[in-house]
Structures are given as C-alpha cells and as structure tokens.
Amino acid sequence: MTSAVLTGIGVSAGSAAGEVARMAPTPALPEPRALTEADVPAEVAAARDALRQVAADLERRAAAVAGEAADVLSAQALMVADPALSDQVEARIRSGSDGAHAITDAFGEFRAALQNAGGYFAERVADLDDLRDRSVASLLDLPMPGLPDPGHPYVLVAADLAPADTALLDPAQVLALVTERGGPTSHTAILAKTLGLPAVVGCDSAATLTDGSSVLVDGTAGAIHVDPSPQAVTEAAEREEHRRRRSESLHGPGRTADGHPVKLLVNLGASNELAAAAAADSEGVGLFRTEFLYLDRDRAPSAEEQIASYREVFTAFAGRRVVVRTLDAGADKPLPFATAADEQNPALGVRGLRTATRDPELLETQLAAIADASAGSGAEVWVMAPMVSVPREAAEFAERVRAHGLRSAGAMVEVPAAALRADGLARVCDFLSVGTNDLAQYAFAADRTLGGLAEFLDPWQPALLDLIRMAAEAGARQDRPVGVCGEAAADPALAVVLVGLGVTSLSAAPSCLSGVRTALAERTLEDCRHLAGIALAAPDATTARTKVLAETAS
Ligand code: PEP
Ligand code: MG
C-alpha cells in the first residue's frame, strides 16, 4: 500500500518521522451579546483583566527563556499592556460591544494601522493577531492558542506560525515543521533553517492532518508522507544518519567532488548573530545586512556608532572576507528618515542604492565608516550595493567605494534588468552577488512578503534560474566572481544547481552550510552542470526540484 503524499515547498532540508500535533485552534468569536448598563463595569473589568493576564503570561515566558526569544516575548507583552489598547477596549464596551468583540475590534484598528504602514510593519500583523487570539481566549476561559504539548516529540503542524510561538519552540521536542501558509522567505522557513529542523511550508492540504496521525516529513523534497510504511521510515532515518555522519566528517572550504572550489560564506543580519556566524566553518561573510543598525530609529546612526559596529564584525572575521552590503532601505525595510512615505509602490520606488541618489550623505557616511573600521582589522572587506538596475549605477557606486580606499566594489543582481545586462555591471565593478529573494520578487511581479504568492517566489523557478545563469555567465566572461546570497543558496540540492549554472560562492545562514558543503562534495562540477540543465529544462519549480532530487537520489 502506498501512503498519501501531501506536497508543499521544502524550505529546510532533512527528514523526520513522528506524530502530528497541531497548534491549538484560534478561539471562535461568539455571537455579539447585548449588554445592559449594569453589565458594563464588570465587562470592562473582565476585558482589562484578560489583557493583563496575557501580558503577565508573556512576561513569565520571557523570563523563562534567553536571547532573541526573550526579546520577542517581552515586545509582545509590551504591546498587549499598552494602555492605549485597554482604553480602546473600554471605550468600545461603553458604546455597546461585549468584551470579546471590543477586544477583537480594538486589535483590528491597530492591525489596520500596521498593515497600512507596509513592509516590515505589515509583517508584524501576525504578532497582533496572536495577541488578539490570546486575549479573547483568556476572556472566554478557552485553551490558550499556541504550541501543543503532547508529552513526546512531535511534528508541528500549523496554519502559520506566529513569532511568539516559534520563539518558544523547543528543538528537542519538535521533529519537523509543516505549515499550510508561508513561503520560502517566511518566518517559519528562516527559523527552521536556524534550528536545523526539516520544514515544508505553503502546504494547503496540511489542513487535513489531525493530531496523532503518523507522517514522514521530507524537507528536501517538500513532501509529507501520511501513514508511511515502517520501511520508508527506516530508509529515511538511514539517509539522515548517513547525511549527518557525512557532514560531520567534512570541514573547510567548499568544493565539488573533483575539487572545484566554491566559497561557502555566512549571511549576517543582526549583532546578536555575530558569535554564531563567526564560529561557523566558513570563509567569511557573503552578505552583511547593515540595516539592523538603522532600523527602529528616526535618524541614521552616527559615523562613530557605525565604525564601532562594523569594527566588531571585521575583527571577528580577521583573516576572512566580509562582504558589506550598503544600506538597503525601502519596501520591506522602510526607514522613516530614508524612504518616502507617499510612494504608491514602495518596492518599485526609491529603495536600495536609489536612496543614495536622493540622500548622498547617507552613503558617504556609511562608506567612510566602513573604510575606517576596515583599516587594520585584518578582514578582507568587500562592499556591494543593493538594488542596482543599470551599469551607470554600478560604475558610480564603484567609483565612490574606491574613493574611500576600499578595494573591492560589487553590485547585487536583484532586478531582472541587472541580470539581463550583467556584462555591463561586471565590467565596471569587481564582483556580482545575486539576491534571489528580490530577484524572484521582481521577475515574477510577486510581493516577497505575501505567503499566498509562494509558488512564484520558489527559488527553483526555472525563469529565476535563467536569470542567475545569465549573471554567472557574464561574470565568467568578464572574469568576475558571482555569488548567490539569497535564500536559494541555503538549499543543498539547489546549491548544486547554482554551482552548475556558474555561481562561484554561496552565502547562507550558518546552520545551512554543512548541508550545502556535503551536497557539493558528492557531485563533480560536470554533475552540477548536468543537474542545472535538468532544472533549466523543467516547465515549473516543482518539476525542477522533483527531477533534480530524483536524479541525485539515483
Ligand atoms: C535578496 O534580495 O535575495 C537579498 C539577499 O537581500 P535581502 O533579502 O536583504 O533583500
Ligand atoms: Mg534584496
């Protein structure tokens, strides 16, 4: 008997078998209840009490964990304890709503404000929805939505995962992650990679999975086998064990089975990631996202502050390469002082390097700070610009970088025009780096923050691979290295394809490097080219992935 197979997008490699445990359901909102004048004080008190209890619960949970998880939970506790929120709830009860509806509507107002702010803020909407559901559950005395606790390790299945839950997720209890929604760049995908858990997202049919059902999750193939045979489970476990042993035995610079070198680098996006990034077995940083210094502020950080921060990173990577990406403000990374609030299409507006045309000082200060911090640090510092569209921009950027005494200037290939005319870019700068997250967004006209468009944002899309191939071939013609630093580089099977397309370095989350190193070590360069040909010839992303995986498994 063959078991049913549900398919989604595999976003974190590996496989695991176990019993499903679902997130507790969102509490259903009861029919509105009419209040009498006499009911109002008790209703207000109960609603305020529910908000207080949720805040206290989050604070308790924050105190029980450390690091980023504690920060996420404390921020959530602050949001729900905001007096503006409880005042709103009280006002709504006084004008006739019952407590549950007053809470829901008050959160709805805050939600709309965040959604309208767009980008990074709109992505925080899931946090508010989670707080609303917790507050309503607390008021109605229903089970708190959130992570299940079946008393044994389990495969976590959810419609989507809220940051408050993922922050608390215990990797010793969770075997794999499956979500109905979400795309390759979703919070779930990033978290799964960080924790090294197999994960499949964007799997609509996971809605049919119930608590206790037995599944085998294949995060490499993007498949969930329901009621797998004992033999399938054993074989998957053996493959995992082989993969684990193989990756533990491999160290050092990336190379294919026949010795073709592929630099393996890490992505670095926040100061609290520095220790893990520096400890990883890598040849350096392939993407240092400097935005973290600028976020949540109303003006740019001073030169001194930037120098201190960059120096910390460069010193940690002395003897290795650090590719610094200059400020990428706008669209999914809005900054009040650098991006216009009135653009109708911020993703198509003044963002990335274009910001520097409007505010040259911003880039000048940053380049001066990078140059200052790099002096004597021992790191090999390269600098690249985000969102380059035409060779003129790359040439002007390279000139400004070199004017600061920095030796290596590069352009990110994130816009289809840049890939189509990559020779022009490569001629005027020292290297190219393909940002597949944005390149997919612009190639498919699909907002990268919308989970519902995950199919288009799948990095296995053959049209995306065509654009990467163009950039890599241009780099080879102009004798310039071409790396990939988007999420695509983290997928071991796809990494092999990227090398076959001509990519010379791969940059990903530290936890993903050993999987990528192992996959490369198992293929010759010729194998990689053959697999790239198979992916390019496929009609769609799913076929490309399936055919390449079938070929590598044989
Ligand atoms: C990308 O777009 O692929 C990329 C690496 O940059 P970011 O995700 O920071 O926009
Ligand atoms: Mg980008």
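All of these numbers come straight from a predicted model, not from anything done at the bench. Along the sequence shown, the residues carry numbers beginning at 1. Just so you know, ligand 1 is whichever comes first in the structure, and atom 1 is the first atom listed for that ligand. Because only heavy atoms are used, hydrogens play no part in the values below, and waters and symmetry mates are left out as well, while side chains stay in.
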Atoms in ligand 1 flagged as close to Leu287, the criterion being non-hydrogen separation under 4.0 Å
5 (C)
State whether Arg402 and Asp430 are salt-bridged, where the test is any N-O pair (Lys NZ or Arg NE/NH1/NH2 against Asp/Glu carboxylate O) under 4.0 Å.
yes
Looking at Glu399, I want to see if its CD is surrounded by more than 12 non-hydrogen atoms of other residues, nucleotides or ligands under 6.0 Å.
no
If the plane angle is over 60° it's perpendicular, under 30° parallel, otherwise tilted; pick one for Phe431 and Trp382.
tilted
Under 4.0 Å from any heavy atom of Arg448, which atoms of ligand 1 are there?
2 (O), 7 (P), 8 (O), 10 (O)
Tell me yes or no: between the side chains of Gln461 and Asp540, is some donor less than 3.5 Å from an acceptor?
no
Salt-bridge test for Lys547 and Glu551: reply yes if a basic N is under 4.0 Å from a carboxylate O, no otherwise.
no
In the protein, what heavy atom is nearest to atom 3 (O) of ligand 1, and what distance, to one decimal place, separates them?
Asn437 N, 2.7 Å
Identify the protein heavy atom lying closest to atom 9 (O) of ligand 1, giving its residue, its atom name and the separation to 0.1 Å.
Arg289 NE, 2.7 Å
With a 4.0 Å cut-off on N to O distance, would you call Arg181 and Asp204 a salt bridge?
no
Taking only heavy atoms of Thr436, which atoms of ligand 1 are found under 4.0 Å from at least one of them?
3 (O)
Count the heavy atoms of every other residue, nucleotide or ligand shown that sit under 6.0 Å from CZ of Arg421, and state whether that count exceeds 12.
no
Within the 4.0 Å heavy-atom shell around Gly486, which atoms of ligand 1 are there?
3 (O), 5 (C)
Got the closest protein heavy atom to atom 6 (O) of ligand 1, with its distance?
Arg325 NH1, 3.2 Å
Any carboxylate oxygen within less than 4.0 angstrom of a Lys/Arg side-chain nitrogen, looking at Asp438 and Arg351?
yes
For the Mg ion (ligand 2), how many protein N, O or S atoms lie at less than 2.8 Å?
2
Counting from 1 in the order shown, the ligand 1 atoms closer than 4.0 Å to a non-hydrogen atom of Asp438 are 1 (C), 2 (O), 3 (O), 10 (O)
If the cut-off is 4.0 Å to any non-hydrogen atom of Lys333, which atoms of ligand 1 fall inside it?
7 (P), 9 (O), 10 (O)
Would you find a donor on one side and an acceptor on the other, under 3.5 Å apart, between the side chain of Arg358 and the backbone of Ala338?
yes
Atom CZ in Arg517, atom CG in Leu506: separation rounded to 0.5 Å?
11.5 Å
Identity and separation of the nearest protein heavy atom to atom 4 (C) of ligand 1:
Glu414 OE2, 3.6 Å
By number and element, which atoms of ligand 1 are closer than 4.0 Å to a non-hydrogen atom of Asp328?
10 (O)
Check ion pair Arg469-Glu473 (N to O, under 4.0 angstrom)
yes
